[in-house]
Amino acid sequence: MIINNQHIEDSNKSKHEEHSENFDFLANRLAKNGHDVANIVSKLADFQVAIPSWALGAGGTRFGRFGFYGEPSNLEQKIDDVGILHSLTQTAGAVSLHIPWDIPSDYEAIKEKADALHIRFDAVNSNTFQDQKDASETYKYGSLSNVSKAVREQAIQHNLDVINIGNKLGSKALTVWLADGSCFPGQNNFQTAFQNTQDSLIDIYKGLPDDWKMLVEYKPYEPNFYSTVIQDWGASLMLANGCGDKAYTLVDLGHHLPNSNIEQIVSILQLKGKLGGFHFNDSKYGDDDLTVGSIKPYALFLIFNELVYGMENNPQNPDLAWMIDASHNVKDPLEDLIQSLEAIQEAYAKALLIDQTALKSAQSNNDVVKCQEILQGAYRTDVRPLLEKARLNTGGAISPIDSYRSLDLRNQLIKERGKHTVATGL
Ligand code: LRH
Ligand code: MN
């Protein structure tokens with residue numbers, strides 16, 4: 001299913017007047033306060049977030065999975081769905097594949113389809129947290145950290161295969177997340193597990209093309225519930241440093257113990273030039289993989305404040321990989337992803353309104369109240385007309401959710417694919 005510009009324009013018709021009134025009012029006020037509105041709008045339009053290929057169907061938990069009709073049942077249909085998101089939002093111009101869930105059957109055909117939809121292939125993800133049916137070794141007790149050399153070698157070879165697949169698609173990064181760890185005290189020797197992981201990552205790193213990055217993703221627990229080898233940013237940073245300059249830390253927002261100060265982690269990783277990218281989502285308790293900005297929007301804003309500061313002051317840190325990592329148990333996956341894209345753009349736009357110079361001077365005067373006033377002044381600004389403008393300037397929908405519904409896209413997908421298709425992924 002392809003959405004053309006006419007579909008979008010028709011669905012925008014009834015919204016132009018209200019948008020123009022809101023945009024003009026806001027743009028006037030921001031310009032009076034010294035903001036370069038056109039620059040902010042173009043930054044929003046350039047900000048592209050990769051869609052996780054494993055989150056285009058309904059997710060599930062160990063307690064059950066409630067399917068969503070019209071799900072994509074192959075990689076071609078997944079790219080089509082990312083195409084729908086990109087047509088509506090103009091900010092979803094990339095996809096992140098998970099291997100082996102998304103091994104292309106025809107590389108040229110899938111690249112042509114993605115190119116036609118202006119979608120590029122972002123980081124590819126390896127998977128050594130599930131056993132493949134034809135595998136000789138099991139990952140039950142870990143993969144890159146496993147006490148068995150044969151298991152480690154199988155996992156290393158898988159990661160090299162994933163790099164090869166990504167290379168054929170034009171991807172430039174490998175994301176490594178390990179479930180490796182233990183469920184009980186005494187089960188693992190922490191030092192052996194960590195050193196095995198370091199040595200294994202170095203073997204994978206040797207297979208990384210010169211212009212690639214390795215993104216080391218950390219997580220405190222699940223599926224292991226006593227220890228995780230790459231449990232936090234410190235472990236990830238040490239392992240990345242142990243590999244070399246092309247290895248970085250990937251921050252999944254859901255991979256932090258309660259009340260962690262993620263914006264401080266982000267700030268220091270940028271200072272050290274070792275922040276590689278993000279898996280955006282939100283959570284109330286654990287790795288809930290909920291819609292971005294649905295639980296803690298202010299925390300997301302504070303993270304973007306550090307990112308805007310870092311992008312201006314830390315040339316030592318590379319361009320970041322912006323990706324969503326979510327799972328949908330009760331929402332239409334495409335509507336959930338549209339809301340996440342909107343929340344990311346909103347946090348970025350609000351952070352771009354922070355007067356960093358005024359903030360820096362208030363900080364140097366220890367004017368604590370002024371610091372908060374500057375931050376919250378930006379946060380309290382309704383920036384949605386700026387997001388709408390960025391989408392309009394690039395051929396997108398003024399309100400992607402409304403257009404998705406007024407174009408009846410889910411029912412179109414059900415007509416095309418039937419009710420009981422199931423997408424690979426989590
Ligand atoms: C682990 C994780 C990782 C992916 C998986 C789908 O919780 O965040 O990024 O490989 O989800
Ligand atoms: Mn993740």
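Nothing fancy with the numbering, it's 1 onward along the sequence. This is a predicted model, so every value here is computed, not measured. Counting starts at 1 for both ligands and their atoms, following the listed order.
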Q: How wide is the angle at the Mn ion (ligand 2) between ND1 of His279 and OE2 of Glu217, to the nearest 10°?
A: 90°

Q: Taking the side chain as every heavy atom from C-beta outward, state whether Arg152 and Asp203 have any atom pair closer than 4.5 Å.
A: no

Q: Answer with side chain, backbone, both or neither: which part of Asp287 has a heavy atom less than 4.0 angstrom from an atom of ligand 1?
A: side chain

Q: May I ask you to say whether Arg384 pairs ionically with Glu388, meaning some side-chain N is under 4.0 Å from a carboxylate O?
A: no

Q: Hey, is Asp252 close enough to Lys219 for a salt bridge, meaning N to O under 4.0 Å?
A: no

Q: Within ligand 1, which atoms have a heavy atom of His98 less than 4.0 Å away?
A: 4 (C), 6 (C), 10 (O)

Q: Would you say the side-chain atoms of Ser53 and Asp102 include a donor-acceptor pair closer than 3.5 Å?
A: yes

Q: Between Ser227 and Gln231, is there a side-chain donor-acceptor contact under 3.5 Å, judged purely by atom types and distance?
A: no

Q: Would you say Asp325 contacts ligand 1, with heavy atoms under 4.0 Å as the rule?
A: yes

Q: Need the atom name: nearest N/O/S atom of Asp252 to the Mn ion (ligand 2).
A: OD2

Q: Heavy-atom distances under 4.0 Å decide this one: backbone, side chain, both or neither, for Glu222 against ligand 1?
A: neither

Q: Looking only at N, O or S atoms, which one in Asp325 sits nearest to the Mn ion (ligand 2)?
A: OD2

